[in-house]
Enquirer: 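I am attaching a structure below and will ask some questions about it afterwards.
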2 protein chains.
Amino acid sequence: MTDNTARLTELAKRRGFFFQSSEAYGGVAGFYVYGPEGATLKENVQDAWRDRFVRREGHMEIESPTVMPEPVFEASGHLDGFDDMILECPECGTSHRADHLVEDNTDIEEAESIPIPEVEEIIAEAELVCPTCGTDLAGEPVDDFNLMFGTNIGPGSSSPGYLRPETAQGIFVEFPRLKEYARGQLPFGVAQVGPAYRNEISPRKGLIRLREFAQAELEHFIDPETDEPPLAEVEDVEVTLYSAAEQDADGGAPQTMTVGEAVAEDVITSDWVAYYLGVAKDWYARIGVDMDRFRYRQHNEGELAHYAADCWDAEADVTAPGAEPDWVEITGFAYRGDYDLSKHGEYADEDFTIFKQYDDPITVERATVDPDMSYLGPEFGGDAAAVADALEALAERDRSAFEGDEVSVDVDGEELTVPVEKTGFAVEETTESGEHITPHVVEPSFGVDRIVYTVLAHSYREEDLGEASEDASGEAASEADDEDEERTVLSLPPEVAPKTVAVFPLMDKDGLGERAREVADELRAAGFEVAYDASGSIGRRYRRQDEVGTPFCVTVDYDTLEDDSVTVRDRDSTAQARVGLDELATRLRTLRAGETSVSDL
Amino acid sequence: MTDNTARLTELAKRRGFFFQSSEAYGGVAGFYVYGPEGATLKENVQDAWRDRFVRREGHMEIESPTVMPEPVFEASGHLDGFDDMILECPECGTSHRADHLVEDNTDIEEAESIPIPEVEEIIAEAELVCPTCGTDLAGEPVDDFNLMFGTNIGPGSSSPGYLRPETAQGIFVEFPRLKEYARGQLPFGVAQVGPAYRNEISPRKGLIRLREFAQAELEHFIDPETDEPPLAEVEDVEVTLYSAAEQDADGGAPQTMTVGEAVAEDVITSDWVAYYLGVAKDWYARIGVDMDRFRYRQHNEGELAHYAADCWDAEADVTAPGAEPDWVEITGFAYRGDYDLSKHGEYADEDFTIFKQYDDPITVERATVDPDMSYLGPEFGGDAAAVADALEALAERDRSAFEGDEVSVDVDGEELTVPVEKTGFAVEETTESGEHITPHVVEPSFGVDRIVYTVLAHSYREEDLGEASEDASGEAASEADDEDEERTVLSLPPEVAPKTVAVFPLMDKDGLGERAREVADELRAAGFEVAYDASGSIGRRYRRQDEVGTPFCVTVDYDTLEDDSVTVRDRDSTAQARVGLDELATRLRTLRAGETSVSDL
């Protein structure tokens, strides 16, 4: 934790962005509350996501339950494979992540991918001790610990359920119905925004590693043979790419290029992944992620899931500028092939394929048999049915076997011979209008909490008000004179800021308070998120709004009572302008949209 | 289930409003998925709720975890008391709700409030059998079954957690911090919208009784002595009230009166509850609840929680008009007193009170003792400390006891006498600037899924298109001619309808499809939820949009290519008007806001 991180965390708690939950009962690691400012910020980030990844793309959004039955996770592989390595101290009983013990106390990186027996050996050889009580951990068993929260649905334990480890399964499992809403046509995308759960052994790093977190996931179902993304829309978007090759190379480093170049040079191998990297880059910038502290990093071979063709993480450096970078994964972009739908198709009773119509129907020849059972019965007795099945299988496999007078089949290791005329062998021509295919999946998976944290970290500034006012009007200098010379400011984009505007009466007397409350109510009715503050000096009230990132402040003063005008002040430049109340809402809308600035009013 | 209910459920599944989850694995009772249309409808209802109950009221909204640790529910009482009565069939093993068995098979109503031994007797006397297998249930034990979903936080079972049974506890438990955000001043309100869980023994009735459901709860913290709601704002709102007295009276019936009258006549005893009943009534109408199938019903004495002073449910009849009413509770409005904060204050380590400043500091006299232990020690030996404690308690209780020369206290049943001069008795004056009070709570608690279902049920209509066109333009008749004469329509208010507008090309050729897609994209960029449909006749496309409640349809035809105008069609009246593309977004905004109608264009 840098000082910056600590100060942001303190501000987040004091001003209602986020804090640990149930602190009155000692708190529970890995569970956080979004306070009033944070809940709105998060909601705004989610709305901006929906705007870009659902509405603008023409995708669907669904909402499925957070509790799902066990068979879903047998199919998805989470029941068997969603594990971390656990080691319990024999003395104090504290549970540790074995791979973290290794990473924290040896030179080994990415210990997660090392097999358990080797991890046990490393722990013994490196003479690692319990970080809590100092007990020697050599010889202690390392186990798999499943990270799903389990529960029981209904009375008794006959119907186990789990809190979903990702929102994606709630989409995959409903595919048979979702494809109907898409009228059976690929491509289509289905999104979900909501909680997911991961029962971490020892959570740390606040909002970055939670046991209950929010995901915004999009599953884009495509026909890999024919569907192409609209790559032209993003080909000129510049992205910073840290490829697997650069990560492996001595002195390798992230490269900046356009999406078009990255595809042409095969740095990104999937056009679909490239498309979403381009779209997401612009979206991150829109919500306030600093592009100087942002990159895309490709999964290297060790990280890549066996079914994934290509995978890139969006990473943000959440430290202050100039500090040692701390890259945090905030989104994963994966080309998952047909893995997810194939697994559910295998385990479930419904159809997880799409019927793909051919442009023109095709004619196929199919060999069939229709054995004469009145011959097979007396000839083979109890084996007659097995002979018939074997003949059918043979016809499908090798029709040339039926070219002679007799045909031989193997039944339970015995070779039995049948006259071809008794098999009813025939070759039929059938017309097929299409085939069933299992769609491939392109998955951008956004970690909402980490993105919210990144937006806060990247918008957090401590600055000298004298400096801030250099490029602003003379009014700003008086702001600094009024109070202390420094301020903390969150320069959040207006679209995501918890409050768009704060309304102050200059003083809470002579009717100014009443007038200011009216102004606040009118702005609320016009759809703005409005703060009202009447306490302390105007300078102190500006500082309070700066800390929570409110882009505009409106002050009602004695002139307002005369001429119905108010002072509008800009958070970042501290510039001020006088605006008539009749046009206040309109002006604030253009300010919020970035179409004008307070200095230009 | 009426036919109407069955047809609505069929439509909901076919068109993507809601359906049972994980059906590919046989489904799980009590868990539903909101499909694309339903998820947006629900989101819109929640946004309308936030607009009215958070933004317009100036309240805060937070988001706390769905998993909470056990001590929270020890304090709240859910661990001990959040039970249903369960009876397991000894033959087939099916679990039943014992109170439902009694209600379904005897004349007894509200069996939930009958003690378990009596329920067992009733089951034996009425000779009830298992509804699944017919086995006699006489003598089978009825047990309490806790309805919280349990899980374990972290490895092992040392840290049990539960899925919250209500969003409210996530607010109450954070009160010590939330009051800081309110700067320690009452009144203030804190809202939360999100999932809650109830592990029903045997869920039924689809969206009405879910194991995972969504709540929108507001906890309004008030000083009962001084805070008053702005009752004047709602005093003229007409409400239909079914009071406890009317429910008990022979031939009693709901009464319609204004909120002001209901308060004046003491039908509603809490002004705060009255205020929210008035606000909510207008809100329900705004989102599409039919006020002819809506009422407020007061809890009678048996239902009322011991701590609640007054409680009313908003109830909606979700059957078709004319059918036997089926009243469903969709919201509870409770005056909960200081119950919730007192309990947490008692169990937790933090301060759940508010410091209430007096207008003027007051001076209080306080009697204290400072016993001379060098006298008490030798005199009373091992009892000396107990004597000192008894003297202190007596001074606080009855200072007149110290008026003589000697004072007597009772220690373990023995009366011991001490000279007053050895007690150090004194009366001190102290100045107090205020006192710590535990705020009272007013709680409107909305069941989002039931409200969504009610809005769908009340907006569902099957109608003859000839009738619909009677009061519309001649164009409507041609709509009916074009296709079948009947239609199913959801007359959802534009604010909550999943899509605001659908765009059709007249045909998907001659560039009409491209032009229509451009129009759809422009409307999306302007912030509208847009559907696009190019398949089938225009009449069939109108029917599809009617079924999902899209209020406006826009058709791009050959004239569009000439004069940049389109046909706008109204869902309810089927009226049509020609609108220029340059003003389409503006017109749709005024149509959506109800400021104009298509017939007036």
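Lettering of chains follows the sequences in order, A, B, ..., and the numbering in each one begins at 1.
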Enquirer: Under 4.5 Å from any heavy atom of chain A, what part of E212(B) do you find: side chain, backbone, both or neither?
Expert: side chain
Enquirer: Chain B: which of N146(A), T66(A), L210(A), L178(A) shares the most heavy-atom pairs with it under 4.5 Å?
Expert: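 Going by pairs under 4.5 Å, I would pick T66(A).
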Enquirer: Check whether V67(B) gets within reach of chain A through its side chain, its backbone, both or neither, counting any heavy atom under 4.5 Å.
Expert: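 Both backbone and side chain of V67(B) come within 4.5 Å of chain A.
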Enquirer: Looking at M148(B) and Y162(B), what are the two nearest heavy atoms and their distance?
Expert: CB-CD2, 3.8 Å
Enquirer: Given that the side chain runs from C-beta out, which part of V72(A) has a heavy atom under 4.5 Å from chain B: side chain, backbone, both or neither?
Expert: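 Both backbone and side chain of V72(A) come within 4.5 Å of chain B.
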Enquirer: What part of R55(B) gets within 4.5 angstrom of chain A, counting heavy atoms only: side chain, backbone, both, or neither?
Expert: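 Contact with chain A involves both backbone and side-chain atoms of R55(B).
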Enquirer: Do F528(A) and R589(A) come within less than 4.5 Å of each other through their side chains, counting heavy atoms only?
Expert: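 They are in side-chain contact.
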Enquirer: What part of S158(B) lies closer than 4.5 angstrom to a heavy atom of chain A: side chain, backbone, both or neither?
Expert: neither
Enquirer: Is it the side chain or the backbone of K42(A) that comes within 4.5 Å of chain B heavy atoms, both, or neither?
Expert: side chain
Enquirer: As an exercise, state the distance from OH of Y25(A) to CZ of F73(B), rounded to the nearest 0.5 Å.
Expert: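 Between Y25(A) OH and F73(B) CZ, I get 10.0 Å after rounding to 0.5 Å.
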Enquirer: Establish, from distance only, whether the side-chain atoms of E88(A) and H96(A) form a donor-acceptor pair under 3.5 Å.
Expert: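 Per modelled atom types, E88(A) and H96(A) side chains form no pair under 3.5 Å.
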Enquirer: Given that the side chain runs from C-beta out, which part of S22(A) has a heavy atom under 4.5 Å from chain B: side chain, backbone, both or neither?
Expert: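 When you check distances to chain B, atoms from both the backbone and side chain of S22(A) fall under 4.5 Å.
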Enquirer: Using non-hydrogen atoms and a 4.5 Å limit, figure out which bit of Y181(B) sits close to chain A: side chain, backbone, both or neither.
Expert: side chain
Enquirer: By a 4.5 Å heavy-atom criterion (distance strictly below it), what part of F213(A) contacts chain B: side chain, backbone, both, or neither?
Expert: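 When you check distances to chain B, no heavy atom of F213(A) falls under 4.5 Å.
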Enquirer: Examine whether an atom of S21(B) lies under 4.5 Å from a heavy atom of chain A, and if so say whether it belongs to the side chain, the backbone or both; otherwise answer neither.
Expert: both
Enquirer: For chain B, which of A39(A), S159(A), A24(A) has the most heavy-atom pairs under 4.5 Å?
Expert: A24(A)
Enquirer: Tell me, side chain or backbone of N152(B) under 4.5 Å from chain A's heavy atoms, or both, or neither?
Expert: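 Backbone only.
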Enquirer: Just verifying a value: how many Å separate K13(A) NZ and F19(A) CZ, rounded to the nearest 0.5 Å?
Expert: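 One finds 9.0 Å between NZ of K13(A) and CZ of F19(A).
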Enquirer: Just so I understand: if I count every heavy-atom pair under 4.5 Å between each of G150(B), S95(B), S202(B) and chain A, which residue has the most?
Expert: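 Most heavy-atom pairs under 4.5 Å with chain A: G150(B).
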Enquirer: Can you say whether E43(B) sits under 4.5 Å from chain A via the side chain, the backbone, both, or neither, judging by heavy atoms?
Expert: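 Looking at E43(B), just its side chain touches chain A.
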Enquirer: In terms of heavy-atom proximity below 4.5 Å to chain A, should I201(B) be classed as side chain, backbone, both, or neither?
Expert: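 Both parts, heavy atoms under 4.5 Å.
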Enquirer: Flag the one option from G58(A), G35(A), P203(A) with the top tally of heavy-atom pairs under 4.5 Å to chain B.
Expert: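 Going by pairs under 4.5 Å, I would pick G35(A).
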Enquirer: Any chance the side chains of Y347(A) and E74(A) put a donor and an acceptor closer than 3.5 Å?
Expert: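 No pair is found: no donor N or O on one side chain lies under 3.5 Å from an acceptor on the other.
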Enquirer: Which one of L147(A), I86(A), D533(A) has the most heavy-atom pairs closer than 4.5 Å to chain B?
Expert: D533(A)
Enquirer: Side chain, backbone, both or neither: which part of R14(B) has a heavy atom under 4.5 Å from chain A?
Expert: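 For R14(B), the backbone is the part near chain A, not the side chain.
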Enquirer: Given the options D51(A), T151(A), V190(A), which has more heavy-atom pairs under 4.5 Å with chain B than any of the others?
Expert: T151(A)
Enquirer: Return the CD to CZ distance between E63(A) and F18(B), rounded to the nearest 0.5 Å.
Expert: 14.0 Å
Enquirer: Quick one: what part of F145(B) sits under 4.5 Å from any heavy atom of chain A, side chain, backbone, both or neither?
Expert: side chain
Enquirer: Supply the atom-to-atom distance E23(B) CD to D349(A) CG, rounded to the nearest 0.5 angstrom.
Expert: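 So the gap between those two atoms works out to 11.5 Å.
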Enquirer: Just give me the residue among E37(B), M68(B), R50(B) that pairs up with chain A most often, heavy atom to heavy atom, under 4.5 Å.
Expert: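 Maximum pair count with chain A is reached by R50(B).
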Enquirer: With a cut-off of under 6.0 Å to the ring centre and 45° to the axis, is R517(B) in cation-pi contact with Y532(B)?
Expert: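 Judged by the rule, R517(B) and Y532(B) form a cation-pi pair.
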Enquirer: May I ask you to check whether H344(B) and E350(B) show a side-chain donor-acceptor distance below 3.5 Å?
Expert: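 There is no such pair (donor and acceptor under 3.5 Å, judged by atom type) between the side chains of H344(B) and E350(B).
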Enquirer: After noting the C-alpha distance and the side-chain angles of Y34(A) and D449(A), does the key distance pass the side-chain contact (heavy atoms from CB on, under 4.5 Å) rule?
Expert: CA-CA 10 Å; Y34(A) 286 95; D449(A) 312 275; 2.6 Å; yes
Enquirer: I'd like to know if K179(A) and D351(A) make a salt bridge, using a cut-off of under 4.0 Å between side-chain N and carboxylate O.
Expert: yes
Enquirer: Identify the heavy atoms of Q20(B) and V28(B) that sit nearest to each other, and give their distance.
Expert: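 What the structure gives for the nearest pair is NE2-O, 3.2 Å.
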Enquirer: Below 4.5 Å, heavy-atom pairs only: which of R211(B), E200(B), E180(B) has the largest tally toward chain A?
Expert: R211(B)
Enquirer: One thing to verify: whether R15(B) and E547(B) come together as a salt bridge, which I'm taking to mean a side-chain N less than 4.0 angstrom from a carboxylate O.
Expert: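 Salt bridge present between E547(B) and R15(B).
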Enquirer: Look up atom OH in Y32(B) and atom CZ in F17(B), then write down how far apart they are to the nearest 0.5 Å.
Expert: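 Going from the OH atom of Y32(B) to the CZ atom of F17(B) covers 15.5 Å.
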Enquirer: Is it the backbone or the side chain of L163(B) that comes under 4.5 Å from a heavy atom of chain A, or both, or neither?
Expert: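 Contact with chain A: side chain only.
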Enquirer: Given the options P71(B), G170(B), P155(B), S64(B), which has more heavy-atom pairs under 4.5 Å with chain A than any of the others?
Expert: P155(B)
Enquirer: Does any heavy atom of chain B fall under 4.5 Å from the side chain of H59(A), the backbone, both, or neither of them?
Expert: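 Contact with chain B is absent: no heavy atom of H59(A) under 4.5 Å.
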Enquirer: Report which part of E174(A) has an atom under 4.5 Å of a heavy atom belonging to chain B: side chain, backbone, both, or neither.
Expert: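 For E174(A), side-chain heavy atoms alone lie under 4.5 Å from chain B.
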Enquirer: Can you say whether F175(A) sits under 4.5 Å from chain B via the side chain, the backbone, both, or neither, judging by heavy atoms?
Expert: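 No part of it gets close to chain B.
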Enquirer: Name the region of R177(B), side chain, backbone, both or neither, that has any atom closer than 4.5 Å to a heavy atom of chain A.
Expert: side chain
Enquirer: With heavy-atom distances below 4.5 Å as the criterion, would you say the side chains of S76(A) and D340(A) are in contact?
Expert: no
Enquirer: Measuring from atom CG of L218(B) to atom CD1 of I171(B), what distance do you get when rounded to the nearest 0.5 angstrom?
Expert: 7.5 Å
Enquirer: Heavy-atom cut-off 4.5 Å, strictly under: side chain, backbone, both or neither for R183(A) against chain B?
Expert: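 When you check distances to chain B, only side chain atoms of R183(A) fall under 4.5 Å.
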